[in-house]
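Taking it in order: structure first as structure tokens, then the write-up.
FYI, the numbering just counts along the sequence from 1.
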Amino acid sequence: MPDLPLLTEEERSVYEWQMWVPGVGEEGQRKLKAASVFVSRVGGLGGVVALELAAAGVGRLVLAHAGCLKPGDLNRQLLQTHEHIGLPRMESIVRRLRELNPRCEVIGIAENVNDENAERLVGEADVIMSAAPMFQERLALNAAAFRARKPMVECAMHTLEATVTTFVPGHTGCLACYVPEVPPTWKRQFPVFGAVSGTAACIGAMEVIKLITGVGEPLAGTLLSMDLGSMRFRHVRLPKRPGCPVCG
């Protein structure tokens, strides 16, 4: 493991319990320390993803989310506080993650992903996390991740349902295989419980951890579909679409 950073005694103490997980050990923790992850939108989904990755010891988080905090965000955006209403979201996000793990390098970018900045933002990290509500952002990030040959975990939710999947360039299809364009009826605001977005986020964070450490089996080419109203979970194959302009 010559290219991986060494762990300090403090880090061994903090991450001791997760290093006991079979297949992780000190090597897996050093991989987490060496890794960088980009998270698109750090709200109800992405905020919990970032929280879990910082707690797990990922060495560098690059986070993108524009705008100021609104009262309606507080039922799910766990990196925010009432005192921060009306202020830029990213200020609170970065501060609270650094308070949780001062060893993690946290870079906050007050932008949302679009066609113009996606390539630059994807270039900041090893693994990509798509947690944006808008398909314009998700499809732009998907295309940039595949051009850069970087794996992307995709988390989404609506009402009491949520999905998580992992795309690996060269091995799986991509988001554009089954959502080739922005659905015309999709709206920015939709029903949401924080517990639903948080459930998808924790599973998505685990997908990122698996990709980095090599432990477990990622959802590559498979969509995990969850109905938390009935507590029914399904695995759905996502075959690569022939002729897909992004990954074909």
Under 3.5 Å, is there a donor on one side chain and an acceptor on the other for Asn112 and Glu137? no

Consider only side-chain N and O atoms of Glu11 and Gln29, and report whether a donor and an acceptor are under 3.5 Å apart.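 There is no such pair (donor and acceptor under 3.5 Å, judged by atom type) between the side chains of Glu11 and Gln29.
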
Is the closest side-chain heavy-atom distance between [X] and [Y] below 4.5 Å?
X: Thr163; Y: Met226; result: no
X: Leu141; Y: Met152; result: yes
X: Leu121; Y: Ile109; result: yes
X: Pro133; Y: Arg41; result: yes
X: Val39; Y: Val62; result: no
X: Arg234; Y: Leu224; result: no
X: Val24; Y: Gln18; result: no
X: Leu228; Y: Met231; result: yes

Going from [atom1] on [X] to [atom2] on [Y], what distance comes out if it is rounded to the nearest 0.5 angstrom?
X: Ser40; Y: Met134; atom1: OG; atom2: CE; result: 12.0 Å
X: Ser92; Y: Glu83; atom1: OG; atom2: CD; result: 9.5 Å
X: Cys174; Y: Phe146; atom1: SG; atom2: CZ; result: 5.0 Å

Any Lys/Arg nitrogen of [X] or [Y] sitting under 4.0 Å from an Asp/Glu carboxylate oxygen of the other?
X: Glu16; Y: Arg12; result: no
X: Arg96; Y: Glu91; result: no
X: Arg89; Y: Asp73; result: yes

side-chain hydrogen bond (donor to acceptor under 3.5 Å, both in side chains) between Glu154 and Ser130, intermediate numbers included: CA-CA 5 Å; Glu154 164 89 4; Ser130 172; 2.8 Å; yes

Any donor-acceptor pair under 3.5 Å from [X] side chain to [Y] backbone:
X: Arg120; Y: Glu116; value: no
X: Lys70; Y: Gly86; value: no
X: Lys31; Y: Leu4; value: no
X: Arg76; Y: Gly194; value: no
X: Asp227; Y: Glu161; value: no
X: His84; Y: Pro88; value: yes
X: Asn101; Y: Ala54; value: yes
X: Asp126; Y: Ser36; value: yes
X: Thr172; Y: Ala220; value: no

Take Glu99 and Arg95, measure what salt bridge (charged side-chain N to carboxylate O under 4.0 Å, His left out) needs, and give me the verdict at the end. CA-CA 6 Å; Glu99 287 173 351; Arg95 173 178 56 79; 3.4 Å; yes

Using the ring of each side chain (for Trp, its six-membered ring), is Tyr178 parallel, tilted or perpendicular to Phe167, with breaks at 30° and 60°?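 Aromatic pair Tyr178/Phe167 classed tilted.
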
Please set out all donor-acceptor pairs under 3.5 angstrom arising from side-chain atoms of residues 201-217, sequence neighbours excluded.
unit_1: Glu207; atom_1: OE1; unit_2: Thr166; atom_2: OG1; d: 2.7
unit_1: Glu207; atom_1: OE1; unit_2: Leu219; atom_2: N; d: 2.6
unit_1: Glu207; atom_1: OE2; unit_2: Lys210; atom_2: NZ; d: 2.6
unit_1: Lys210; atom_1: NZ; unit_2: Glu217; atom_2: O; d: 2.9
unit_1: Thr213; atom_1: OG1; unit_2: Ile209; atom_2: O; d: 2.8
unit_1: Thr213; atom_1: OG1; unit_2: Val215; atom_2: N; d: 3.2

Would Arg60 and Val37 count as a side-chain contact (heavy atoms from CB on, under 4.5 Å) here? Give the steps. CA-CA 6 Å; Arg60 185 170 182 263; Val37 179; over 6 Å; no

Test log, rule side-chain contact (heavy atoms from CB on, under 4.5 Å), inputs Phe135 and Glu181: CA-CA 8 Å; Phe135 278 95; Glu181 57 188 25; over 6 Å; no

Heavy-atom neighbours of [X] [atom1] exceed 12 at 6.0 Å:
X: Gln136; atom1: CD; result: yes
X: Phe193; atom1: CZ; result: no
X: Trp17; atom1: CH2; result: no

Test of understanding: clusters of I, L, V, M, F, W, Y form through side-chain heavy atoms closer than 4.5 Å, transitively. Do [X] and [Y] belong to the same one?
X: Leu61; Y: Leu78; result: no
X: Val168; Y: Leu139; result: no
X: Leu100; Y: Val42; result: yes
X: Val236; Y: Val153; result: yes
X: Leu63; Y: Val48; result: no

Begin from the C-alpha positions of Lys33 and Glu105 and carry the test salt bridge (charged side-chain N to carboxylate O under 4.0 Å, His left out) through to its verdict. CA-CA 10 Å; Lys33 183 176 180 177; Glu105 181 185 3; over 6 Å; no

Nearest non-hydrogen partners of Ala34 and Pro5, listed with the distance: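 The pair with the smallest heavy-atom distance is CB-CD, 3.4 Å.
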
Dump the intermediate steps for side-chain contact (heavy atoms from CB on, under 4.5 Å) on Arg138 and Leu175, then the final yes or no. CA-CA 8 Å; Arg138 294 161 65 181; Leu175 177 63; 3.7 Å; yes

List the steps, then state whether side-chain contact (heavy atoms from CB on, under 4.5 Å) holds for Leu53 with Met129. CA-CA 11 Å; Leu53 295 180; Met129 164 58 67; 5.9 Å; no

